[in-house]
Amino acid sequence: MSSENGRSDRPPAQDPPGGEQLALIRETVRRAKPPRARPRTWRGAELAERDPVARVLVDKGLLHLDRLFDYAVPAAMDAEARPGARVRVRFGAGERGGRREGGGLVNGFIVERRADSDFPGVLAPIAQVLSPEPVLGPGLLRLCQAVADRYAGALADVVQLAVPPRMARAEKTPAAGAPAAPPPPPRPPEASSWARYPAGPGYLRALAEGESPRAVWTALPGPHWPDELARALAAALASGRGALAVLPDGRAAARVDAALTALVGGGRHVLLTADAGAEARYRRWLAVNRGLVRCVVGTRAAMFAPVHDLGLVAIWDDGDPSHRDPREPMPHAREVLLLRAARDRCGFLLGAHSGTVEAAQLLETGWARPLAADRDAVRASAPLVRTVGDGDEARDPAARAARLPTLAWSTVREALRRGPVLVQVPRRGYVPRLACDRCREPARCAHCSGPLEATGGDAPPRCGWCGRDTPGWACAECGGTRLRGRVFGARRTAEELGRAFPSVPVRTSGRDHVLDAVPDRPALVVSTPGAEPVAEGPGYAAALLLDGWALLSRPDLRAGEEALRRWLDAAALVRPHTEGGTVVVMAEPTLRPVQALVRWDPAGYARRELAERAELGFPPVSRMAAVTGPPEAVAELLAAAELPPDAEVLGPVPLPVPDAGRPRRPGGPPPGERWDRALVRVPPGSGAALAAALRTARAARLARRGSEPVRVRVDPEDIG
DNA sequence: AGCACGCCGACT
DNA sequence: GTCGGCGTGCTC
C-alpha cells in the first residue's frame with residue numbers, strides 16, 4: 001500500500017476478510033473528520049462488519065458523472081443503510097494533505113451493499129441515512145436505468161421522476177403493526193360492456209387466468225370506458241397479480257378510480273394524482289412500494305409506481321400530450337409502460353377513442369392485438385358527424401350574428417331542445433389574433449408589422465410585439481378597415497353564443513375552471529380541448545367543433561392526428577345518432593382527419609399515417625434523436641459520437657432565430673442566437689445504440705468543458 | 001457544475 | 001521568494 005496517508009504500517013487488529021482495500025477503508029474512516037453531529041449522523045467510531053461499502057447513486061443529474069460512487073458504511077448506520085435507502089454524502093471534495101474536506105452534502109440512494117470497492121482511492125463515509133425506507137428497490141432501479149438508456153438521459157434524472165420526495169410523516173406506520181395486503185378479489189369481473197368487443201371477454205379472461213395479453217383498444221364512444229378499464233385492472237388483480245393504469249389527467253383518473261372502487265371495493269388500489277397532496281401521495285406510494293396495495297390508478301408520474309408482481313400495465317389516450325413528462329429526459333408514459341411490459345412480461349392495454357401511429361405500429365408488428373368493435377357496433381354508438389367548410393357562409397342573420405354557418409347554427413338550435421350542447425374551441429382566451437375581414441390576410445401592426453391582438457370588449461386592437469394600440473387600422477393588402485378574429489377563445493365564443501341563444505344557460509370549462517359534469521338539461525357548454533365536462537344521462541345532444549382549420553394548419557407531423565384525437569374525445573361525449581346525437585365540425589371535408597372523424601375510423605387513419613411515416617422514414621417507424629445547439633457544438637458532437645453504422649444524419653439545419661424581446665422557449669436558442677438542429681435516424685433495432693452513442697458523446701463533451709450546451713432529445717416532438 | 005491543483009508572469 | 005492568472009481534470 002503506497003498511498004501517502006495509507007498508514008499500512010499499523011493495520012487494524014481483527015480485520016475481517018477484505019484485504020488491503022478494506023484496511024484502507026477502515027483507516028480512511030478512522031481519520032476522516034466526522035460531520036457535524038446530527039441525528040443518525042456517523043460519529044466516527046467503527047465500520048460496518050458486513051459489506052462495509054455502499055454503492056451510491058448521487059442525486060446530481062450531471063450526465064458526465066452519471067455513475068455509482070462507493071462510500072464507507074459506519075457501523076452505526078449498518079442496519080439503516082440498506083439498498084434503496086436515501087442517504088446524504090459528501091461529494092465533490094478534493095484531497096489535500098491526506099485529509100478530506102470541502103464538498104457539499106448531496107442526497108443519494110444506496111443501490112447496493114458490497115464487501116469491497118473497485119475504487120483505488122480512499123472512501124468517504126456516508127454522512128447520514130435520511131431514511132431506511134427502501135424507496136429505490138432493485139426493480140424500480142432497473143426500470144429507471146432502462147428509461148435512462150432509452151432516452152439517452154441521466155439515471156439520477158429519471159430516479160427523480162420515479163421516487164417521490166420524502167414526507168417523513170408518511171413513513172410512520174401505525175403502531176399496531178404492519179397491515180397485511182388485502183386478498184385478491186374473490187372472483188374475476190363480469191365482461192359487462194366488454195361484450196361489445198368480440199375479443200373483449202377473452203381478453204379479460206386471459207388476464208384473470210394469469211396470462212399476459214397485449215392489446216390496443218379502440219374504445220367505442222360513450223361513457224363506458226372508465227368501467228371497462230377498471231374491469232381489466234380487476235381481472236389482473238383476480239389473478240393474484242398487480243396492475244397499473246396511467247391516465248392523462250386527474251379527472252380521468254378519478255373516473256377510473258370510482259369505477260374500480262365500485263367493482264372491487266376500497267383498499268385494493270390507490271389513486272396517485274397530484275391533487276391528493278404531496279404527503280397523501282407519498283403515503284399511498286409507500287403502500288404500493290411495501291406491497292400492501294397491488295393496484296395503482298394515476299396520472300403520468302404513476303408510470304413508475306413500484307407495483308409488485310405486475311400483471312397488467314394500461315394507458316388511456318396515449319396521444320394526450322400530458323403523457324410526456326416535461327422534465328429531463330422527457331419520458332413518455334406509453335414508452336415507459338412498454339418497457340415495463342417487455343421487462344416484466346405482463347399484460348399491456350393501450351386504450352383511446354382515437355389512435356396514435358405508435359399504437360398502430362404495435363398492431364402492425366403483431367406485438368399487440370386489436371381490441372376493437374365491429375363496424376356495426378361503431379355505427380350504432382357514434383353520433384352523426386357533419387362538416388362545414390370554410391366557404392359555407394352564414395346566410396340567415398341570426399347565424400351571422402353568432403358567427404356561425406347556417407348548418408351549425410340550426411343544429412345547435414335544434415339540439416338545445418333535447419339536451420346540452422358542447423362547443424369545443426381550440427384555445428382559451430380572448431380572440432388571440434386578428435385578420436382582415438375582407439381578404440383574411442392576418443392583421444399587422446402599421447408600425448412594426450407585429451400581429452394584432454384583440455384585448456377584449458370594445459377596446460382597439462393592440463400589437464402583440466410593440467404593444468401600440470391601433471385605432472385607425474387599414475389592411476395593407478386590400479385597404480379593408482374591418483377586423484375579424486382568427487381564432488375565437490372560449491370566453492368570446494361563450495359571449496356570442498349566449499347572445500345568439502338568449503334563453504339557454506352558457507357554461508364554460510377551461511384550464512382555470514374545469515367542470516366535471518353537466519346535467520342532462522339544455523345548456524351551451526363551451527370548452528377547450530381536454531376540459532370537456534361529461535354530460536349526465538345519454539350524453540350531449542350535439543357538439544360543435546369550431547375552427548378546425550386552426551388545429552390542422554400547424555406545421556406539425558402530428559397536427560392531423562392531434563386534431564382528430566381532440567375531436568373524437570369531444571364527440572365521444574355525444575349520444576349516438578340513433579338517439580339524435582349530432583356533431584358539426586368546422587373544417588374542410590376533404591381533409592383526411594375530417595374524413596376519419598365522419599367515418600369514425602381512427603384506427604384506419606392511424607394505419608394510413610403509419611404507412612406514410614414508413615415511406616418517409618419518420619418515427620416511430622425509425623427511431624430519431626434531435627441534436628440542437630450552437631452550430632460548431634452540434635457538428636463537434638456528431639463528429640465525436642460513435643453512431644451505429646446504420647445511422648443517418650439529417651442536417652444540420654439552422655433553427656429560426658427567436659426575436660429579441662420575446663420570451664425564450666425552454667430548450668430553444670436564446671433570443672438572437674443562431675442554433676442548428678440535426679436529426680439522427682436509425683432503424684428500430686438500433687435505437688438503444690443510438691441513444692448510448694449520443695449519451696457517451698455528450699457526457700465526454702460536458703466533462704471536457706462546461707460551456708457550449710448541446711441538447712439531445714430522443715423522440716423529438718416538434719419535427720416538421 | 002464546483003473545486004483544487006499546477007505551471008507561468010508581476011510583484012515585494 | 002510569493003501571490004495569483006485560469007487551463008485541466010476529478011468528484012467515492
Side-chain angles (χ1 to χ4, degrees), chain A residues 1-6 18-35 41-42 44 47-48 51-75 77-78 81 83 85-130 136 141 153-157 159-160 327-329 629 633 636-637 640 667 695-712:
Chain A
M1 171 166 323
S2 59
S3 169
E4 69 252 77
N5 59 325
E20 283 193 356
Q21 174 66 30
L22 191 53
L24 183 57
I25 295 168
R26 292 187 172 279
E27 184 62 11
T28 310
V29 170
R30 194 185 63 75
R31 289 173 142 261
K33 204 157 67 176
T41 298
W42 179 78
L47 199 58
D51 294 339
V53 176
R55 196 145 262 207
V56 173
L57 173 69
V58 175
D59 196 1
K60 279 192 150 195
L62 300 173
L63 190 58
H64 52 291
L65 35 84
D66 192 47
R67 56 205 162 94
L68 303 176
F69 292 88
D70 288 351
Y71 284 82
V73 180
M77 300 180 193
D78 185 25
R86 298 183 211 251
V87 292
R88 284 170 84 74
V89 292
R90 293 209 169 272
F91 189 79
E95 229 176 276
R96 198 162 55 193
R99 194 138 284 182
R100 206 135 272 291
E101 56 185 72
L105 281 173
V106 296
N107 291 344
F109 301 88
I110 296 180
V111 158
E112 190 188 355
R113 288 279 298 268
R114 299 167 60 108
D116 50 15
S117 170
D118 301 332
F119 185 60
V122 292
L123 298 183
I126 289 171
Q128 185 185 0
V129 179
L130 287 169
L136 185 60
L141 176 68
L155 175 61
D157 281 336
V159 167
Q160 228 158 18
R327 294 164 293 175
E328 283 292 316
E636 281 170 28
L637 184 101
R695 169 159 62 180
T696 306
R698 184 157 163 258
R701 188 179 168 76
L702 282 165
R704 201 159 354 102
R705 211 168 308 152
S707 59
E708 296 290 49
V710 185
R711 304 184 62 87
V712 171

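Naming: A, B, ... by sequence-line order, numbering from 1 per chain.
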Could you tell me how far apart [X] ([atom1]) and [N] ([atom2]) are, to the nearest whole angstrom?
{"X": "A/Asn107", "N": "C/dT11", "atom1": "CG", "atom2": "P", "answer": "21 Å"}
{"X": "A/Arg113", "N": "C/dC12", "atom1": "CZ", "atom2": "C1'", "answer": "15 Å"}
{"X": "A/Arg55", "N": "C/dC12", "atom1": "CZ", "atom2": "C1'", "answer": "10 Å"}
{"X": "A/Asp70", "N": "C/dT11", "atom1": "CG", "atom2": "P", "answer": "12 Å"}
{"X": "A/Glu328", "N": "B/dA1", "atom1": "CD", "atom2": "P", "answer": "14 Å"}
{"X": "A/Arg88", "N": "C/dC12", "atom1": "CZ", "atom2": "C1'", "answer": "17 Å"}
{"X": "A/Leu105", "N": "C/dC12", "atom1": "CG", "atom2": "P", "answer": "12 Å"}
{"X": "A/Leu65", "N": "C/dG9", "atom1": "CG", "atom2": "C1'", "answer": "12 Å"}

Full working for side chain to side chain contact (heavy atoms under 4.5 Å, CB included) between A/Asp70 and A/Asp116: CA-CA 9 Å; A/Asp70 288 351; A/Asp116 50 15; over 6 Å; no
A/Arg113 (side chain) donor-acceptor with A/Pro83 (main chain) under 3.5 angstrom: no
Side chain A/Arg86, main chain A/Asn107, donor-acceptor under 3.5 Å: no
Ring centroids of A/Phe69 and C/dC12 base under 5.5 Å with planes under 30°: no
Heavy-atom side-chain contact between A/Leu130 and A/Arg88 under 4.5 Å: yes
